[in-house]
There are 2 protein chains.
Amino acid sequence: MISCCSPGLSSEEEKKLQKMAHALGNPVRFEILKFLFTQPGCITGDIVDILPVSQSTTSQHLKVLKDAGWIEGEVAGTAVSYCLNQRDISWFQESMKDLLKD
Amino acid sequence: MISCCSPGLSSEEEKKLQKMAHALGNPVRFEILKFLFTQPGCITGDIVDILPVSQSTTSQHLKVLKDAGWIEGEVAGTAVSYCLNQRDISWFQESMKDLLKD
DNA sequence: ACATATAATCGTAAAAATGCGATAAAAAAA
DNA sequence: TTTTTTTATCGCATTTTTACGATTATATGT
């Protein structure tokens, strides 16, 4: 890994990092992530219940988080059960560590 | 530090984390940070030169990065010399590590 | 088949972010 | 003092994001 004199990320990785950062930088989406940390496997409706926004808005935020890599959704009947995407989250944390270090 | 069953961050810390994430999630600002990594101490004009946006727009992005904690500016004559804010960056990286771990 | 439950998508309105040129401010140089 | 250099701020236009209700889609239950 390159870390002595330049950020050690490929162009694709940078894009992904930006996308995840952008998704994280919204208070509603941040709240969703916090909730999923304590309530893994909960369904969309559960998340709607604890947020100050509508079902459709929540659904859009979940889509942004999923596309960015923060969460994963599993269809369970008519519902969708969401969990944190541990792989991408760990990658994000590692990449942040590597991004701007001396 | 709390990490067994909940994100170990205070409300203030969460706000700061969100602000830093939001600032990072913009391609122009991301580019500025990458540039400052390789060119610490450079002045606003140097940054303007490598960006596809105007001086006034660059100045606004620098303000966002400074307010969020990513960079610091030091007045040097009529110019302002910018560096990465290592303290806040390290804090961000640590907080990201702690935020959503099992 | 019909009704119910759950979530996603569509269309659109409101709010926020981004961008620019012009101008102001402040220090340095002439 | 006047001019130059450099950056910040103002006013405004454009684009993007956020939000909502209404509708659609899909699976489940009756």
Side-chain angles (χ1 to χ4, degrees), chain A residues 14-36 39-85, chain B residues 14-36 39-85:
Chain A
E14 278 182 14
K15 246 183 279 183
K16 169 109 185 164
L17 197 60
Q18 273 180 52
K19 200 170 178 178
M20 290 189 78
H22 175 260
L24 183 64
N26 171 283
V28 173
R29 291 192 290 263
F30 194 89
E31 200 64 27
I32 292 174
L33 290 180
K34 278 201 300 174
F35 184 69
L36 280 179
Q39 308 288 329
C42 71
I43 66 175
T44 306
D46 299 330
I47 300 171
V48 172
D49 289 343
I50 57 112
L51 292 178
V53 296
S54 72
Q55 179 267 319
S56 63
T57 298
T58 302
S59 185
Q60 288 179 116
H61 281 304
L62 287 168
K63 185 171 159 57
V64 172
L65 287 171
K66 188 148 67 76
D67 289 347
W70 285 103
I71 65 174
E72 287 172 318
E74 191 182 355
V75 175
T78 75
V80 178
S81 165
Y82 284 101
C83 283
L84 297 178
N85 179 342
Chain B
E14 278 181 13
K15 244 182 279 182
K16 168 109 185 164
L17 198 59
Q18 274 180 51
K19 200 170 179 179
M20 289 190 77
H22 175 260
L24 184 63
N26 171 283
V28 172
R29 291 193 288 263
F30 194 89
E31 200 63 27
I32 292 173
L33 290 179
K34 278 201 300 171
F35 184 69
L36 280 179
Q39 308 288 329
C42 71
I43 67 174
T44 307
D46 299 330
I47 299 171
V48 173
D49 289 343
I50 57 111
L51 292 177
V53 295
S54 72
Q55 180 267 320
S56 63
T57 298
T58 302
S59 184
Q60 287 179 115
H61 281 304
L62 287 169
K63 184 172 160 59
V64 172
L65 287 171
K66 187 149 66 78
D67 289 347
W70 286 102
I71 65 175
E72 288 172 319
E74 191 182 356
V75 175
T78 74
V80 179
S81 164
Y82 284 102
C83 282
L84 297 177
N85 180 341

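Every chain is numbered from 1, with letters handed out A, B, ... down the list of sequences.
For the side-chain contact (heavy atoms from CB on, under 4.5 Å) criterion with A:Y82, the lone passing option out of A:I32, A:L36, A:L65 is A:L36.
Nearest nucleotide to the B:I43 side chain, out of C:dG19, C:dA17, D:dT7: D:dT7. For B:R29, taking side-chain heavy atoms from C-beta onward, the closest of the listed nucleotides C:dT18, C:dC20, C:dT9 is C:dT18. Taking only side-chain atoms of B:H61, from C-beta outward, the nucleotide of C:dT6, D:dA8, C:dT18 with the closest atom is C:dT18. For A:S59, taking side-chain heavy atoms from C-beta onward, the closest of the listed nucleotides D:dT9, C:dT9, D:dA8 is C:dT9. Between D:dT7, C:dA7, D:dT18, one nucleotide has an atom nearer to the side chain of B:A79 than all others, and that is D:dT7. In the set C:dC20, C:dA22, D:dG21, the nucleotide with an atom closest to the side chain of B:Q60 is C:dC20. The side chain of B:Y82 lies closest to D:dA8 when the candidates are D:dA22, D:dA8, C:dG19. Distances from the side chain of B:T78 to the nucleotides C:dA22, D:dT6, D:dA22 place D:dT6 closest.
B:T57 comes within contact range of at least one nucleobase, with a heavy-atom separation under 4.0 Å. Residue contacts shown for B:S56 include a base, since a base heavy atom lies under 4.0 Å away. Looking at heavy-atom distances under 4.0 Å, B:L62 makes no contact with the nucleic acid at all.
In this structure, B:E72 places its CD atom 18 Å from P of D:dT7, rounding to the nearest Å.
Mapping A:T58 and A:A76 onto DNA chain D via the closest heavy atom, the residue that lands nearer the 5' end is A:T58.
Using a distance-only test at 3.5 Å, with no hydrogens or angles considered, no donor-acceptor pair links the side chain of A:S81 to the main chain of A:E74.
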